[in-house]
Amino acid sequence: MAAISVERLLERLTKAKPVPGILLLGGETYLRELCRGKIIDAYVEQGVRDWGVTRYSADDDSIAAILGQAQTLPMLAPQQVIFVRDVEAWERLGDTSRDALVKQLSEYLDDPAPFTVLVFEAVALDQRMRLAKLFAENMVVVEVELSSEPAERARLAGPLAAQMARELGVKIEPDAAEELVDLLNGELAAIHTELEKLAAYVGNGRSVTRADVDLLVVSARKYTVWELADMLGSRDAARALEFLDSLLREGEQPVQLLGAMAWMYRKLLEAQEVPLSTIGWQAASRLHMKVPMAELAIQQSRKFPRAQLTKGLAALYEADSRLKFGGTSQRAVMEFLVAQLASSSPA
């Protein structure tokens, strides 16, 4: 069975037809949380969720315990949803243990409990292994991920940002949503966090404007990344790595910092198209930035060969994937990235 999008899952859930199993596959935390909530809403009534919703970890709990619960009619609830996170842990089992687990799960799926919806969660699975094939053949597999292509990612994230704003009791103007998505590289969890701050700032029922985004979200990060741009443009790797270390120790989140850096590289590419003599409101209008930042972007853009910026942007998107799929420490990913960007020809 081919994987479906989150949007398609939500359409299916409106019909509330039970399914034996769902696999949420991907690293986008906001989308995963959205799916969890909608699955619970579809199958378990509000008043009985203490009995009708159970959570397990594949890392800590046995498949026997999980399937035992799946085959047990829940108290006071006609249906139950069972979440099983960290499914990647099963891939790390020895061959014998993994084969036994796949056999148990396969036998259950051949005759699933009609009152149970099993929801498995994984960031990524090896599609060559029997476990992934079992999920694909017997469950609804949902891609819990936005596109890795920047323009498509931004296109998908914009409407989701508007939806988040509505859920928080405010509206967000289209250009404000675009700015927020661009700055945060389409990272939905980060967008939601910033929208919570913006909603509290503007007040219930009000609209979030681009000026609000500039004031509360953008300013600090933009000035930070412009400082870093000066070091990268000068190819001063040692100073850039020291600056990165300082940011991380102060609590800057790698994913959000990376998003701001990707925003900066896109602005530097845009700024190279603007004549060096352009100043004031003309610079601000061309780059959709405030006057001081627009003038700074134009000046900084001349420190970078265009090839270095395009290769650097590719390196940023690759690092974004590494951060999302894990396996390497976030600090190590960021340090390697900054070293790449500070070199004369980033890989």
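Quick note: residue numbers are just sequence positions, from 1. Note that these values count all heavy atoms, side chains included, but never hydrogens, waters or copies made by symmetry. Fair warning: this is a prediction, and the values are worked out from it, not measured in the lab.
- A 6.0 Å sphere centred on CZ of Arg206 holds no more than 12 heavy atoms belonging to other residues, nucleotides or ligands.
- Contact annotation: the side chain of Val181 never approaches that of Glu187 to less than 4.5 Å [non-hydrogen atoms, C-beta and beyond].
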Pair Gln330-Leu248, side chain to side chain contact (heavy atoms under 4.5 Å, CB included): steps then yes or no: CA-CA 10 Å; Gln330 293 192 334; Leu248 295 177; over 6 Å; no
Side-chain atoms of residues 50-57: list all donor-acceptor pairs with protein atoms under 3.5 Å, sequence neighbours left out, distances to 0.1 Å.
{"from": "Ser57", "atom 1": "OG", "to": "Asp59", "atom 2": "N", "distance (Å)": "3.1"}
{"from": "Ser57", "atom 1": "OG", "to": "Asp86", "atom 2": "OD2", "distance (Å)": "3.0"}

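- With Glu88 contributing its side chain and Val123 its backbone, the two residues share a donor-acceptor pair below 3.5 Å.
- A search for salt bridge (Lys or Arg N to Asp or Glu O under 4.0 Å) contacts involving Glu7 returns nothing, not counting sequence neighbours.
- No continuous path of ILVMFWY side-chain contacts below 4.5 Å connects Phe115 to Val81, so the two sit in separate hydrophobic clusters.
- Applying the ring-ring contact (aromatic ring centres under 6.0 Å, His included) test to residues at least two apart or on different chains, the pairs with a partner in residues 173-195 are Tyr30-His192.
- Looking at Glu28, its side chain never comes within 3.5 Å of a backbone N or O of Gly26 through a donor-acceptor pair.
- For Gln104, the side-chain contact (heavy atoms from CB on, under 4.5 Å) partners are Ile63, Ala64, Leu67, not counting sequence neighbours.
- Within the 4.5 Å cutoff, side-chain heavy atoms of Leu31 are placed close to those of Leu160.
- Scanning for salt bridge (Lys or Arg N to Asp or Glu O under 4.0 Å) contacts around Asp60 gives an empty result, with sequence neighbours left out.
- Looking only at distances, no side-chain donor or acceptor of Ser234 sits under 3.5 Å from a matching main-chain atom of Met231.
- Looking only at distances, no side-chain donor or acceptor of Ser97 sits under 3.5 Å from a matching main-chain atom of Gly94.
- To the nearest 0.5 Å, atom CD of residue Gln340 and atom CG of residue Leu316 are 9.0 Å apart.
- Taking Ser301 as the reference, nothing meets the side chain to side chain donor-acceptor pair (under 3.5 Å) condition, with sequence neighbours excluded.
- For residues 236-247, the pairs satisfying side-chain hydrogen bond (donor to acceptor under 3.5 Å, both in side chains) are Asp236-Arg239, Asp245-Arg249, Asp245-Arg331, Ser246-Glu250, with sequence neighbours left out.
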Verdict with supporting geometry, Val144 and Leu25, side chain to side chain contact (heavy atoms under 4.5 Å, CB included): CA-CA 5 Å; Val144 189; Leu25 186 62; 5.7 Å; no
Evaluation steps, side chain to side chain contact (heavy atoms under 4.5 Å, CB included), between Arg8 and Glu11: CA-CA 5 Å; Arg8 181 70 185 279; Glu11 290 174 2; 3.7 Å; yes
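- Residues Ser5 and Glu145 form no side-chain contact, since every pair of their non-hydrogen atoms from C-beta on lies 4.5 Å or further apart.
- The aromatic rings of Phe135 and Phe120 lie tilted to each other, with the angle between the two planes from 30° to 60°.
- Residues passing the side-chain contact (heavy atoms from CB on, under 4.5 Å) test with Val170 are Ala165, Ala199, Val202, Val208, sequence neighbours excluded.
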Trace of the side chain to side chain contact (heavy atoms under 4.5 Å, CB included) decision for Val119 with Ile82: CA-CA 6 Å; Val119 183; Ile82 299 174; over 6 Å; no
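- No side-chain donor-acceptor contact under 3.5 Å links Arg98 to the backbone of Arg92.
- Other residues, nucleotides and ligands contribute more than 12 heavy atoms inside 6.0 Å of the CZ atom of Arg302.
- Ion pairing of Arg32 with Glu121 is present here, as a side-chain N (NZ or NE/NH1/NH2) and a carboxylate O approach within less than 4.0 Å.
- Glu33 pairs by the salt bridge (Lys or Arg N to Asp or Glu O under 4.0 Å) definition with Arg36, not counting sequence neighbours.
- Using a cutoff of 4.0 Å between basic side-chain nitrogens and carboxylate oxygens, Glu318 and Arg322 are scored as salt-bridged.
- Using a 4.5 Å heavy-atom threshold, the side chains of Val117 and Gln80 count as separate.
- From Glu91, atom CD reaches atom CE of Met129 across 5.0 Å, with rounding to the nearest 0.5 Å.
- Defined by atom type and a distance below 3.5 Å, a donor-acceptor pair is present between the side-chain atoms of Arg235 and Gln308.
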Verdict with supporting geometry, Arg49 and Gln46, side chain to side chain donor-acceptor pair (under 3.5 Å): CA-CA 6 Å; Arg49 290 180 182 175; Gln46 181 74 40; 3.2 Å; yes
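- By the side chain to side chain donor-acceptor pair (under 3.5 Å) test, Glu270 pairs with no residue at all, sequence neighbours left out.
- A search for salt bridge (Lys or Arg N to Asp or Glu O under 4.0 Å) contacts involving Asp126 returns Arg128, not counting sequence neighbours.
- Both Val44 and Leu76 belong to a common hydrophobic cluster when Ile, Leu, Val, Met, Phe, Trp and Tyr are linked at side-chain heavy-atom distances under 4.5 angstrom.
- In this structure, Ile4 and Glu143 have side chains that are not in contact, with every pair of non-hydrogen atoms separated by 4.5 Å or more.
- Environment of CD in Gln163: crowded, with over 12 heavy atoms of neighbouring residues, nucleotides or ligands closer than 6.0 Å.
- Distance CG/Leu9 to SG/Cys35: 5.0 Å, rounded to 0.5 Å.
- For Lys103, the side chain to side chain donor-acceptor pair (under 3.5 Å) criterion is met by Glu107, not counting sequence neighbours.
- Within the model, atoms CG of Leu257 and CE of Met334 stand 4.0 Å from one another, a figure rounded to the nearest 0.5 Å.
- Between Thr72 and Thr116, every side-chain heavy-atom pair lies at or beyond the 4.5 Å cut-off.
- Ion pairing of Arg155 with Glu178 is absent here, as no side-chain N (NZ or NE/NH1/NH2) approaches a carboxylate O to less than 4.0 Å.
- Between the side chains of Asp99 and Thr96, no donor N or O sits under 3.5 Å from an acceptor N or O.
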